[in-house]
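Whatever order the structure lists them in is the order used to number ligands and atoms, beginning at 1. What's counted below: heavy atoms across the whole structure, side chains too, no hydrogens, waters or symmetry copies.
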Amino acid sequence: MKHFLTLLCLLFARFYANAQNTDVLPSPAHVAWADAEVGAIFHLDLVNFEPDYDWRNWGTHPSAKIFNPSKLNTDQWVQAAKSAGATYAVLVAKHCSGFSLWPTAAHDYSVKSSPWKNGKGDIVRDFIASCKKYGLKPGIYASASANGYLYVDNPGKVQKGSPVTQQQYNAIVKQQLTELWSNYGNLFEIWFDGGVLPVEAGGPDLAPLLKKLQPNAVIFQGPSDAKNLIRWVGNEEGKAPYPNWSRSDFTTSATGTIKIDSINGNPEGKIWCPGEADFPLRTGWQGGWFWKADGQKMLSTDALLQAYYTSVGRNSNMLLGIVIDTSGLVPQEDYTRLSAFGSILKGIKRTNIGGLSNKNGKSFELDLGQSHEINQVEIMEDIRFGERIRRYEVQAWIDHAWKTVAEGTSVGHKRLQVFETVKTPKVRLMIHTAQGEPRIKQFTVSKLATPVLQPLLTISTSR
Ligand code: OTN
């Protein structure tokens, strides 16, 4: 009896441990966001019209009168994003200057004081309408952490000399966010650049507002008590670390600093908080986020492809920064590069040679019928049931033996790995370590054409 009870306790402990380890799950918003994979983020601000402006030189902010993007066309922006393969798009509605791209009632530093459309325009409204028109899910960035007009520096602290106190600033933040989160419909993603100053440190209480107004949006670096959090990957190069677990013990910085803890996440982490890899198409002035007529460079399609593999291919979403020039358009050369990249992405999706979907278990074999050349594997977990894989290996049958072609740890929504081409009639996926029974949404092997493969072989495939 004693032994029986001990055994029962052991079995219960094991069951409990497994349940514990698989019970941190994504919300439906998280799942939809992971499925969206590629997004775009648009930047346009007063600094485009006055490139010498430094928002930290308090009291030197440019007049709203210089803002006149006379050919502004948000349809063109969204079409450019779509041509690159984006399924969602985020508008920077207020960056560090504090100038607001919608006619906020909180203060006069906005489009309503500009000559653009005689002060009657609303870029947020136009942008959301264009997203709807072209089927992209809309998001809004309006960080609380910096505001040149109101003398606010990271992480959302009012500086000496400001025309407003911290409490007044918090009220302005809440008012502006209430406008943005109430007047433009459901948002797919909300961005807090640099995090949000915690309430205990004197910041605005935003989690209840999010819950009330946008309960289904995912929140980049939101307040730690908010739902649907996502985190930063720690760089602006489109390079998620590997492993890159969807779970974590914290969201990233709530302090506005660049360094973040636990960059890889934690497979046993307390919250579901996957990474988003944001990076701009351009490099140079203003980090490449904002347009300038000269002196910037653009990423090549090879570099964009590498970034896709080190973001989406490492269980992160890819958020590509697109500039808007002073005429109010995505420059033609950027548009051309974006659509070239989009065509490459589409082409990649057409190279599948064999695969399986929606299977549970730890070992799967793919019979390819006859010998085929392959150089890529794609593994997806059904993350609705959590992230269960901890270590895996993919082998191909070559010269009468199983040979390892890929191996790794985190998978999550998607893992892509490329390797030197091999010819094989069958492939197997073995999950060596897991928490609970792995749920495989998809396991696919494919052949990438040599020009596409070449730049990818230069990135490390397992780290
Ligand atoms: O100067 N910066 O603020 C900066 C330089 C290089 C890379 C990032 C930053 S800011 C950084 O932006 C991230 C999004 O790209 C996150 O919001 C981080 O929290 C923020 O510190």
Side-chain angles (χ1 to χ4, degrees), residues 33 38-45 47 51 53-57 86 88-98 139-148 152-157 159 173 177 189-198 201 203-204 206 210 217-224 226 228-241 244 248-265 273-290 292 296-297 299 304 307 310-312 314 316-323:
W33 178 82
V38 179
I41 182 164
F42 293 97
H43 284 70
L44 170 68
D45 197 1
V47 74
Y53 167 55
D54 173 357
W55 62 272
R56 282 193 169 103
N57 276 340
Y88 65 102
V90 178
L91 171 65
V92 177
K94 182 210 72 68
H95 201 255
C96 300
S97 72
I140 294 182
Y141 163 132
S143 284
S145 58
N147 190 320
V152 177
D153 205 345
N154 285 327
K157 283 205 165 161
Q159 308 292 301
V173 167
L177 294 179
E189 177 161 337
I190 287 170
W191 246 74
F192 289 104
D193 201 354
V196 179
L197 184 66
L206 298 178
L210 280 166
V218 294
I219 317 295
F220 180 87
Q221 295 199 141
S224 52
N228 304 334
L229 289 169
I230 57 174
R231 67 179 199 267
W232 189 39
V233 298
N235 62 68
E236 294 180 344
E237 292 154 30
K239 203 169 179 183
N244 184 34
S248 169
D249 290 313
F250 345 80
T251 175
T252 38
S253 171
T255 59
T257 51
I258 290 168
K259 183 180 177 303
I260 56 172
D261 292 329
S262 188
I263 198 83
N264 301 84
C273 184
E276 181 169 51
D278 62 311
F279 68 103
L281 173 63
R282 291 188 169 210
T283 58
W285 186 74
Q286 293 283 335
W289 291 109
F290 289 93
K292 193 158 183 273
Q296 290 178 314
K297 288 195 174 142
L299 297 185
L304 288 169
T310 54
S311 56
V312 175
R314 291 180 179 175
S316 159
N317 274 23
M318 163 171 160
L319 187 66
L320 181 54
I322 301 178
V323 298

D193 neighbourhood, listing ligand 1 atoms whose heavy-atom distance to it stays under 4.0 Å: 12 (O), 13 (C), 14 (C), 16 (C), 17 (O)
Aromatic ring pairing Y141/W191, orientation class (parallel under 30°, perpendicular over 60°, tilted between): parallel
Gap between atom NZ of K239 and atom CG of N244 - 0.5 Å precision: 13.0 Å
Distance in Å, Q286 CD paired with H43 NE2, rounded so as to fall on 0.5 Å steps: 9.5 Å
N/O separation below 3.5 Å, W191 to ligand 1: no
side-chain hydrogen bond (donor to acceptor under 3.5 Å, both in side chains) partners of E236, counting only residues at least two apart: W289
Nitrogen or oxygen of G194 less than 3.5 angstrom from that of ligand 1: yes
Test item, G195 contacting ligand 1 (heavy atom, 4.0 angstrom): no
Under the salt bridge (charged side-chain N to carboxylate O under 4.0 Å, His left out) test, residues paired with D249 that sit two or more places apart: K270
Contact partition for D278 relative to ligand 1, non-hydrogen atoms under 4.0 Å: side chain
